[in-house]
Number of protein chains: 2
Amino acid sequence: MRIGELAKRTGLTPSRIRFYESAGLLGPVERRPNGYRSYSAEAEALLLVVTSAQQAGFSLDEVRHLLPTGSQGWQHEGLVAAMKRKVEEIAALEQQLAQRKAQLVAVIDGIENRPDGLDCADNAKRVLALLRT
Amino acid sequence: MRIGELAKRTGLTPSRIRFYESAGLLGPVERRPNGYRSYSAEAEALLLVVTSAQQAGFSLDEVRHLLPTGSQGWQHEGLVAAMKRKVEEIAALEQQLAQRKAQLVAVIDGIENRPDGLDCADNAKRVLALLRT
DNA sequence: CATAACGTTCAAGCGAGGTTGAAGGTCAAC
DNA sequence: GTTGACCTTCAACCTCGCTTGAACGTTATG
């Protein structure tokens, strides 16, 4: 498989795939006699791992340390440990998101249900005070 | 209040505050005769709005469009609409996060409970297949 | 009066995650 | 035998959200 087809199959751009290679995420890539990159079906799976890991919140740097180094195969323990840590991080993020959403909703409510007799500036102070808590 | 004190009160660095000003987030800032910036207490509230909005997932560009332009005051409708959109976005993000977490947990489980008689490479394929669904 | 702790501007740099472009090689089809 | 699609490298550029540094002015304190 040449890079164009791999790109289509993964939904990535060729430049992005080359970028991942140059970032050390794909290991050494086979070449045809003409210099073209040649990918096996495994490459598609590997790219799926990379993009999934990215979506799961791993930086490329983190991903690189999780991928099999050379021909050494996966290192299950470290991998599992990293994923468990990431699950924790995601749980923390979920909490933060929920809090942000709650704050936004509180601000919206604070604006829409402004107490009678409170002018806009004072209401702004009231609403901001809610955020600090 | 000079920039240093504002920085301490908000927990931001002076450079960051100047950066926000140069990004058009703070409007025109008063100056003392010596050229030093002079901030009112409102500035602290404004910076709180900026950083809160950032934490809520607004980019600085988005924040700029939400802040009162000139001396025109807040535009409640647009503001509330933007916040409601952001709440939707956050809800979507929450779903994605939940899905990512579920995938990670599935992968962890796939590794830890590898079926007997399946070698590592085949198990990797099995686990990756789960991710595609 | 010296010195340290502030403040100023402006330009440059960083880190992440890529994209874009120039200059060129390869290959299949017409 | 020439178009056009695809591939190569390498360097430069981009966006975001800042930080850092150089060169310089101001103010409070001993």
Side-chain angles (χ1 to χ4, degrees), chain A residues 1-40 43-44 46-67 82 86 89 93 96 100, chain B residues 1-40 43-44 46-67 82 86 89 93 96 100:
Chain A
M1 194 189 334
R2 291 179 301 178
I3 200 169
E5 196 190 338
L6 181 60
K8 268 176 198 152
R9 293 167 81 103
T10 56
L12 307 178
T13 61
S15 74
R16 191 164 164 188
I17 296 174
R18 284 189 283 252
F19 171 74
Y20 285 160
E21 180 187 342
S22 79
L25 292 170
L26 306 186
V29 173
E30 260 190 73
R31 299 295 185 130
R32 303 241 174 107
N34 59 13
Y36 287 17
R37 286 170 179 81
S38 178
Y39 297 96
S40 66
E44 191 184 341
L46 190 52
L47 279 176
L48 180 65
V49 171
V50 170
T51 53
S52 302
Q54 267 189 297
Q55 283 180 24
F58 289 90
S59 70
L60 292 186
D61 218 58
E62 288 174 307
V63 175
R64 185 175 32 252
H65 293 303
L66 295 180
L67 292 177
K86 195 54 70 174
E89 285 177 30
L93 266 180
Q96 285 181 32
R100 286 169 201 179
Chain B
M1 195 189 338
R2 291 180 301 176
I3 200 170
E5 195 190 337
L6 182 59
K8 266 177 199 151
R9 294 167 81 104
T10 57
L12 308 178
T13 61
S15 73
R16 192 165 163 188
I17 296 173
R18 283 190 283 252
F19 171 75
Y20 285 160
E21 180 187 341
S22 79
L25 292 170
L26 306 186
V29 173
E30 260 190 73
R31 301 294 186 131
R32 302 239 175 110
N34 58 14
Y36 286 17
R37 287 170 179 80
S38 178
Y39 297 95
S40 65
E44 191 183 342
L46 190 53
L47 280 175
L48 180 64
V49 171
V50 170
T51 53
S52 301
Q54 269 189 294
Q55 283 179 26
F58 288 90
S59 71
L60 292 186
D61 220 56
E62 289 175 306
V63 175
R64 186 176 31 250
H65 293 303
L66 295 181
L67 292 177
K86 195 55 71 173
E89 285 178 31
L93 266 180
Q96 286 181 32
R100 288 168 201 179

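Each chain gets a letter, A, B and so on, in the order the sequences are listed, and its residues count up from 1.
Counting to the nearest Å, the P atom of C:dA28 and the CZ atom of A:Arg2 are 8 Å from each other. Between A:Gln54 atom CD and C:dG17 atom P the separation is 6 Å, expressed in whole Å. Atom-to-atom, CZ of B:Phe19 to P of C:dT8 comes out at 17 Å; the value is rounded to the nearest Å. If you take CG of B:Leu6 and C1' of C:dG7, they are 14 Å apart, rounded to a whole angstrom. The distance between atom CD of B:Glu30 and atom P of C:dT8, rounded to the nearest whole Å, is 13 Å. A:Asn34 has its CG atom 14 Å from the P atom of C:dG25, to the nearest Å. Distance OH (A:Tyr20) to P (C:dG17): 8 Å, rounded to an integer number of Å.
If you walk DNA chain D from 5' to 3' and mark each nucleotide with an atom closer than 4.0 Å to a heavy atom of chain A, the marks span D:dC6 to D:dT9.
Atoms CG and CZ, on A:Leu6 and A:Arg37 in that order, are 11.0 Å from each other to the nearest 0.5 Å. A distance of 8.0 Å separates CG in A:Leu47 from OH in A:Tyr39, rounded to the nearest 0.5 Å. For the atom pair B:Glu62 CD and B:Gln54 CD, the distance stands at 11.0 Å (nearest 0.5 Å).
Axis angle between the ends of the helix from C:dC1-D:dG30 to C:dC30-D:dG1, five pairs each and rounded to 10 degrees, works out to 20°.
Contact annotation: B:Arg37 does not reach the phosphate of C:dC6 (side-chain N/O to OP1 or OP2, under 4.0 Å). Distances shown here put every side-chain N or O of A:Ser59 at or beyond 4.0 Å from the OP1 or OP2 atom of C:dA16.
A 4.5 Å side-chain heavy-atom check between A:Arg18 and A:Ser22 finds every atom pair outside the cut-off. Using a 4.5 Å cut-off on side-chain heavy atoms (C-beta onward), A:Phe19 and A:Leu60 make contact. Counting heavy atoms from C-beta on, the side chains of A:Tyr36 and A:Ile3 never come closer than 4.5 Å.
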Checklist entry - Could you walk me through whether A:Thr51 and A:Thr10 pass the side-chain contact (heavy atoms from CB on, under 4.5 Å) check? => result CA-CA 9 Å; A:Thr51 53; A:Thr10 56; over 6 Å; no
Item to check | Working for side-chain contact (heavy atoms from CB on, under 4.5 Å), residues A:Leu66 and A:Val49 | outcome: CA-CA 10 Å; A:Leu66 295 180; A:Val49 171; over 6 Å; no
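Residue contacts for B:Arg31: at a heavy-atom cut-off of 4.0 Å it reaches the sugar-phosphate backbone alone, with no base atom in range.
Without hydrogens or angle criteria, A:Arg32 side chain to A:Ser38 main chain gives no donor-acceptor distance under 3.5 Å.
Listed candidates were C:dG7, C:dT20, C:dT9. Nearest to the side chain of B:Ile3 is C:dG7. Among the nucleotides C:dG18, C:dT9, C:dT19, the one closest to the side chain of B:Arg18 is C:dT9.
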